Novice: 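The structure that follows is given in the form of structure tokens.
Residue numbers begin at 1 in each chain, while the letters A, B, ... track the order of the sequences. Keep in mind that this is a model prediction, so the values were computed, not measured.
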Amino acid sequence: MKSNVTPIQRQLMRVILLITGTVLFLTCVAFFTFDYITFRQTTKTQIATLGAIIAANSTAALAFDDRRDAGETLDALKAEKHIVAACLYDKEGRVFSSYPVDLSPQNFPAKPGLDGFLFANNHLSGFQPVKQGNKRLGTLYLDSDMQVIYDQLQRYVFIALVIVSIALMLAYFLSDRLQKTVTAPILALAKTARLISEHHDYAARANTSNVAELRLLTDAFNHMLEQIEAQNLEILSFNQNLEQKVSERTREVELAKSELENVNDKLIKSNRDLEQFAYIASHDLQEPLRKVRTYAEMAGRNLHDEELARKYFDKISSSAGRMTELIQAVLNYSRLSKADEQYEQIDLNQVIDNIKTDFELLISEKNAVIKTSSLPSIRGIPLQIHQLFLNLISNSLKFSKHAPIITITCKILAGNAIKTEAEVNQDVPYLALTFKDNGIGFEPQYADQIFTIFQRLHGKQEYAGTGIGLALCKKIVENHHGFITVQSALGAGAEFTVYLPMEQEVAAF
Amino acid sequence: MNNIARNSAPYYLPADLKKGCAGLFFFLLSGLYVSGQAPPPSREYQLKAVFLFNFTQFVEWPQNAFASPADPFVIGILGDDPFGNYLEETVAGEYVMGHPLVIHHYHSTKDIANCHILFISSWDIKKVKDMLAETTVRNMLTVSDMDNFASLGGMIGFINYDNKIKLQIKPAAAKNANLNISSKLLRLADIID
């Protein structure tokens, strides 16, 4: 398929040549038409004038029958080359004289026709009355051969065609030369535009032209390029900004997400704790209540037996006391959840000394030995740390069949050196406190259970206790962002290790 | 006009064979017509009659040559009339400068009055001379075919030359009579000073 797109140069050339050609052609046509009509009219007027002059000069000759004079008058037509025949008729229409002298009779009409001149067969011929005053004396016939003049007109047309051709060629060369002032900047502009669209080089600029509209176009084009370039840069920086912002947001979201997950985990855990607590609390609290009710009923039935009734009342009182103890322990436990106490510097040796004083009676009763190495000071909540040590030592004292030996040792470990499943801040040092006893111990599968509230491995009759002690320990350690582990075997004693971060401010991230 | 065509036809018969039959017919007709009248004038006098009429076209008369617009234009013939009826027929119905053309015959110079063209046919030379001396003031064009008429003081004379009628004109005489002869006419004629 042929394209309809034409280069501007050819288009312009076509327009210029078409206009020039059309104008020249129309001018020639108008010129020749006018010339032809004018020529015919002029010729007609001329022959009429000539006829009138010849007629006026022939009157006397006709009036006085002077053929010689008539011949002389007609002979004056020699000056007019295109008059090929002339004839003078007298009043009666007879041929009086003719021109040229040797003219044969078939070259003019035998009798005069109507006055006036007419064109026919490349000839202009006709009759002119010969009058003296109002008196008609005869008729003049004139015959003009137009062919000579038509030939001249043809030559004229030929010359005009040659001139038109030369003018067209001149127009072609001139327009070829001159149109470049207009087309060159347009072509340059088109080339620049093509290069830009091919290479996406918006830094390129088109050269300005000295044609007003083209300069305007070029300037507008360049201005557009500048704008595109600026916008490109803007878009680029905007994109970078956007990417940065997106990554920032992503990071923030991720952070928020991990925080949320953290909180969620904590919530799940605390929810689980709460469920456990509610279940066990209701179960454990019901037991002394049931005892109170049973013994109260039995006391009621045996009021007559004072001794039996007193025994039952003692049981009731003991159960109530146990309940109070339980409720107090629960209260303690729940109080630990509210971590509003202030951290302080605590000397752990001081804590051990205080506990030894508290358990003085029990220690001497059981012949227990508590061995401690020198312990450092840590930051913590004094009451809770005291409770932690108290519970752990109490636990070791409680679950023993013979003289208990409790060894308390400590070491400092880097966070990243601790191997555990629990949550550890890798960047801070931890204090590892080990409480080792020679008590009854327990089977290793219960290692997790023993830290659960009200979870007991033994009956109350064998070993007294609320079942809250170790749960409290775990809670306190967690409050201090640490963790607690236990290693034990049945009959082989137990070894509790408490890991506490050395610095609470840093640990509390 | 019909009369002219009829009467002039025979002279051109040999020249126009195509019109021959028609011409013969008219010749016979005219022959019959004129048989009871005066015999037709010779071709020479027929021409002279036409010339006399044609002078009215080539000569200008002053306005005061006519007493009133209704006055006729008079062609007078002094002496014998060589034209027969031919001159009357030629000028019949014609007007010159709006005046009807009439023919008058004079037998004595004393009879001549208000005449515009006077043809002197045959007359005594001496009487002619006398008369010519008188007529100059009367705006009268004098024409004659007598020898040396122009030299005698006449204005236009007919001369036979090479079987053709030629004109002799004396413009000075015409000018004296306050008449203006056209240069076209003068071109054809021999001028007598």
Novice: Checking B:Lys164 against chain A: side chain, backbone, both or neither under 4.5 Å from a heavy atom?
Specialist: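 Answer is neither: B:Lys164 stays 4.5 Å or more from chain A.
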
Novice: Do A:Asp65 and B:Leu47 have side chains that approach each other closer than 4.5 Å (heavy atoms only, starting at C-beta)?
Specialist: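 They are in side-chain contact.
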
Novice: Using every non-hydrogen atom in the two residues, find where B:Arg187 and A:Asn57 come nearest and quote the distance to one decimal.
Specialist: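 Shortest heavy-atom contact: NH2-O, 2.9 Å.
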
Novice: Working to the nearest 0.5 Å, report the span between NZ of B:Lys184 and CG of A:Asp69.
Specialist: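 Spacing of NZ (B:Lys184) from CG (A:Asp69) equals 11.0 Å.
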
Novice: When rounded to the nearest 0.5 angstrom, what distance separates NZ in A:Lys135 from OH in B:Tyr95?
Specialist: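 It comes to 12.0 Å.
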
Novice: Which bit of B:Phe55 comes within less than 4.5 Å of chain A, counting heavy atoms only: side chain, backbone, both or neither?
Specialist: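 The answer is both parts of B:Phe55.
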
Novice: Could you tell me the separation between the CG atom of B:Leu185 and the CG atom of A:Asp66, rounded to the nearest 0.5 Å?
Specialist: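 Between atom CG of B:Leu185 and atom CG of A:Asp66 there are 10.5 Å.
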
Novice: For A:Phe25, is the CZ atom crowded, meaning more than 12 foreign heavy atoms sit under 6.0 Å from it?
Specialist: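 No, CZ of A:Phe25 has 12 or fewer neighbouring heavy atoms, counting only those of other groups under 6.0 Å.
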
Novice: Please find the pair of heavy atoms, one from A:Phe64 and one from B:Phe51, that lie closest to each other, and give the distance.
Specialist: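 That closest heavy-atom pairing would be O-CZ, 3.1 Å.
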
Novice: So for atom CG, which belongs to A:Leu26, do other residues, nucleotides or ligands contribute more than 12 heavy atoms lying within a distance under 6.0 Å?
Specialist: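 Yes - once you tally the heavy atoms of other residues, nucleotides and ligands closer than 6.0 Å, there are more than 12.
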
Novice: Could you report the tightest heavy-atom contact between B:Asn54 and A:Ala63, atom names first, then the distance?
Specialist: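 Closest pair (atom of B:Asn54, atom of A:Ala63, distance): ND2-O, 2.6 Å.
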
Novice: For B:Phe58 and A:Leu137, which heavy atoms make the closest approach, and how far apart are they?
Specialist: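 Of all heavy-atom pairs spanning B:Phe58 and A:Leu137, the closest is CZ-CD1, 4.2 Å.
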
Novice: For B:Asn64, does the CG atom have more than 12 heavy-atom neighbours from other residues, nucleotides or ligands under 6.0 Å away?
Specialist: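 Check passes, neighbour count above 12.
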
Novice: Using a cut-off of 6.0 Å, state whether more than 12 heavy atoms not belonging to B:Asn114 lie near its atom CG.
Specialist: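 Counting other residues, nucleotides and ligands, CG of B:Asn114 stays at 12 neighbours or fewer.
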
Novice: If you count heavy atoms of other groups shown closer than 6.0 angstrom to CG of A:Asp151, is the number above 12?
Specialist: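 Atom CG in A:Asp151 is packed in, count exceeds 12.
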
Novice: Does B:Asn160, at its CG atom, have more than 12 non-hydrogen atoms belonging to other residues, nucleotides or ligands within less than 6.0 Å?
Specialist: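 Yes.
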
